Protein chains: 2
Amino acid sequence: MEFSPTAYVILGMLAWGPRSGYDIKADVDKSVRFFWAASYGQIYPELKRLSEAGLIEGQAQGGRRRTVYRITDLGAEALEAWLTEEPQTFEARDEALLKLFLADAAPETAVASLEAKLRNQEAKLKRLREVEASGDATGFTALVLRYGIESSEWMADWCRREAERLREETA
Amino acid sequence: MEFSPTAYVILGMLAWGPRSGYDIKADVDKSVRFFWAASYGQIYPELKRLSEAGLIEGQAQGGRRRTVYRITDLGAEALEAWLTEEPQTFEARDEALLKLFLADAAPETAVASLEAKLRNQEAKLKRLREVEASGDATGFTALVLRYGIESSEWMADWCRREAERLREETA
DNA sequence: CGATTCATGTAACTTGTTACATGATTAG
DNA sequence: CTAATCATGTAACAAGTTACATGAATCG
């Protein structure tokens with residue numbers, strides 16, 4: 001059985017400890033989502049598939065109706081096997097950069113695209129710094145968090161620098 | 001009529017001068033593809049839609065059978081209007097980073113994920129430097145090319161630095 | 001008691017990739 | 001002559017988002 005990287009996001013988070021689909025979505029949104037987003041529309045069907053394949057086990061809870069999943073031995077093996085495989089996907093969709101790239105058709109729009117990208121980087125930085133301050137990230141998650149913060153700082157600086165330069169050139 | 005950013009990639013390239021679908025695909029692959037990829041399966045249908053909406057015009061050529069498109073006045077207007085709109089999409093899918101993030105389940109795989117990301121950045125850098133050496137990029141395309149080169153250098157350095165650190169820690 | 005959050009799930013849709021089919025022209 | 005490149009197109013599939021439906025529990 002083949003699973004998508006998104007399935008391994010779920011599996012990897014269940015390796016940290018038992019969680020519901022709802023919990024996983026929340027974890028995704030405050031960590032991995034900047035380089036691997038996932039919606040409910042993916043998470044719930046994927047939980048079912050992983051469960052059918054025996055990589056995870058669900059247990060219905062009392063009180064508030066919810067299903068808490070935990071990783072099985074088979075699942076832990078599958079996760080480790082996947083971690084040793086060569087990563088394939090490296091993709092980006094950056095509409096601000098695209099607009100800047102095509103800005104020769106309307107040069108006066110270039111600064112605004114740079115500023116939009118800057119705002120985006122700053123918003124991302126803000127969220128990442130909150131996660132850092134929370135102290136939740138340890139081990140490799142903390143390493144990747146540092147990557148997110150430092151790379152965003154670099155990108156924000158670049159946007160600021162070039163926006164400044166363009167504004168001066170035009171003035 | 002609503003068009004996707006991919007349609008504007010096509011429109012933007014036709015603003016540089018007339019081209020065939022095949023030409024556009026080649027241009028995409030050596031420029032915009034690192035932050036907005038497009039396949040034939042998108043380009044040809046999109047050319048048809050743009051043509052039906054009157055934003056571009058196709059002209060069949062003699063000799064080798066091909067259709068060369070050029071942007072219309074309506075198309076140029078649509079492109080400029082789009083350039084002034086706030087960019088929406090900022091997404092990334094980085095499987096190497098994902099594996100690093102989940103590496104607490106198999107710490108010995110972390111260095112390999114970092115090295116895979118490093119190889120990927122270096123390959124990207126190589127291609128971007130070739131484009132830079134070709135001198136094809138001018139104006140805003142050159143600015144975005146510099147962004148690609150400098151950000152990739154930063155990321156490659158980060159991977160090298162952290163891979164080194166991990167190797168030392170383990171040793 | 002009303003708003004918010006917790007919680008699960010699906011259907012319709014959009015986007016994009018891959019693989020294939022087809023065939024002409026050109027370079028060696 | 002034959003391999004590569006030019007060139008167009010589509011069908012099947014994969015992946016992912018959005019919007020909606022539903023309802024229980026908790027907080028103020």
Side-chain angles (χ1 to χ4, degrees), chain A residues 1-10 13-14 18-30 32-52 56-69 87-95 98, chain B residues 1-10 13-14 18-30 32-52 56-69 87-95 98:
Chain A
M1 198 139 344
E2 277 284 299
F3 289 95
S4 65
T6 301
Y8 290 101
V9 171
I10 294 170
M13 288 184 168
L14 290 179
R19 279 163 172 68
S20 68
Y22 189 85
D23 295 335
I24 289 167
K25 167 67 169 154
D27 289 340
V28 164
D29 282 347
K30 72 166 174 173
V32 91
R33 72 146 182 164
F34 291 112
F35 53 92
W36 207 285
S39 61
Y40 287 126
Q42 283 180 278
I43 291 169
Y44 285 112
E46 211 64 79
L47 280 168
K48 196 180 280 184
R49 291 190 64 224
L50 285 166
S51 184
E52 280 162 7
I56 63 175
E57 274 172 357
Q59 169 134 17
Q61 297 274 296
R64 210 191 275 269
R65 164 187 161 253
R66 66 203 293 257
T67 306
V68 173
Y69 292 89
Q88 301 297 323
T89 303
F90 293 91
E91 288 170 8
R93 297 262 159 191
D94 187 331
E95 202 178 340
L98 181 59
Chain B
M1 198 138 343
E2 278 283 300
F3 288 96
S4 66
T6 302
Y8 290 101
V9 171
I10 294 170
M13 288 183 168
L14 291 178
R19 280 163 172 68
S20 68
Y22 188 84
D23 295 335
I24 289 167
K25 167 67 170 156
D27 289 340
V28 164
D29 282 347
K30 74 165 172 174
V32 90
R33 74 146 179 160
F34 291 111
F35 53 90
W36 207 282
S39 62
Y40 287 125
Q42 282 178 278
I43 290 169
Y44 285 113
E46 211 65 78
L47 281 169
K48 194 179 281 182
R49 291 191 65 223
L50 286 165
S51 184
E52 280 162 7
I56 64 174
E57 274 174 356
Q59 170 132 18
Q61 298 274 297
R64 208 192 277 268
R65 162 188 162 255
R66 67 201 293 257
T67 304
V68 173
Y69 292 89
Q88 300 298 323
T89 303
F90 294 92
E91 288 171 8
R93 297 263 159 192
D94 187 331
E95 201 177 339
L98 181 59

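Values reported hereafter were calculated over all heavy atoms of this structure, with side chains retained and with hydrogens, waters and symmetry mates removed. All chains are named by letter (A, B, ...) in the order of the sequence lines, taking the proteins before the strands, and each is independently numbered beginning at 1. In this text the structure is predicted, and so the values were computed from the model without any measurement.
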Specify the separation, in whole Å, of atom [atom1] of [X] and atom [atom2] of [N].
X: B:Y69; N: D:dA7; atom1: OH; atom2: P; value: 13 Å
X: B:Y44; N: D:dC6; atom1: OH; atom2: P; value: 12 Å
X: A:Q61; N: C:dC6; atom1: CD; atom2: P; value: 16 Å
X: A:R33; N: D:dG16; atom1: CZ; atom2: C1'; value: 16 Å
X: B:D23; N: D:dA7; atom1: CG; atom2: C1'; value: 10 Å
X: B:I24; N: D:dT8; atom1: CD1; atom2: C1'; value: 13 Å
X: A:D29; N: C:dT5; atom1: CG; atom2: C1'; value: 15 Å
X: A:R66; N: D:dT26; atom1: CZ; atom2: C1'; value: 14 Å

Original post:
Shortest non-hydrogen contact from A:G58 to A:Y69?
Top reply: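 Heavy atoms only, the tightest pair is CA-CD2, 3.4 Å.
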
Would you tell me if any nitrogen or oxygen in the side chain of [X] comes within less than 4.0 Å of OP1 or OP2 on [N]?
X: B:R64; N: C:dT25; answer: no
X: A:Y22; N: C:dT8; answer: no
X: B:K48; N: D:dG9; answer: no
X: A:T67; N: C:dA7; answer: no

Original post:
Is the closest basic N to carboxylate O distance between B:R49 and B:E46 below 4.0 Å?
Top reply: yes

**OP:** Look at the rings of A:Y8 and A:F3 and say which category their plane angle falls in: under 30° parallel, 30 to 60° tilted, over 60° perpendicular.
**Re:**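 Perpendicular.
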
**OP:** Evaluate the criterion side-chain contact (heavy atoms from CB on, under 4.5 Å) for residue pair B:I43 and B:V9; output intermediate values, then yes/no.
**Re:** CA-CA 10 Å; B:I43 290 169; B:V9 171; over 6 Å; no

Original post:
Any donor and acceptor pair, going by atom type alone, linking the side chain of A:D23 with main-chain N or O of A:S20 inside 3.5 Å?
Top reply: yes

**OP:** For A:K25, look at atom NZ and say whether over 12 heavy atoms of other residues, nucleotides or ligands are found less than 6.0 Å away.
**Re:** yes

Subject >> Neighbour count above 12 (heavy atom, 6.0 Å) for B:Q61 CD >> reply: yes

Subject >> Sequence-aligned protein contact record of nucleotides 16-21 of chain C, with B where the base is within under 4.0 Å of a protein heavy atom and S where only the sugar-phosphate is >> reply: SBB---

**OP:** Counting heavy atoms from C-beta on, name the nucleotide in C:dT8, D:dT8, C:dT10 closest to the side chain of A:P45.
**Re:** C:dT10

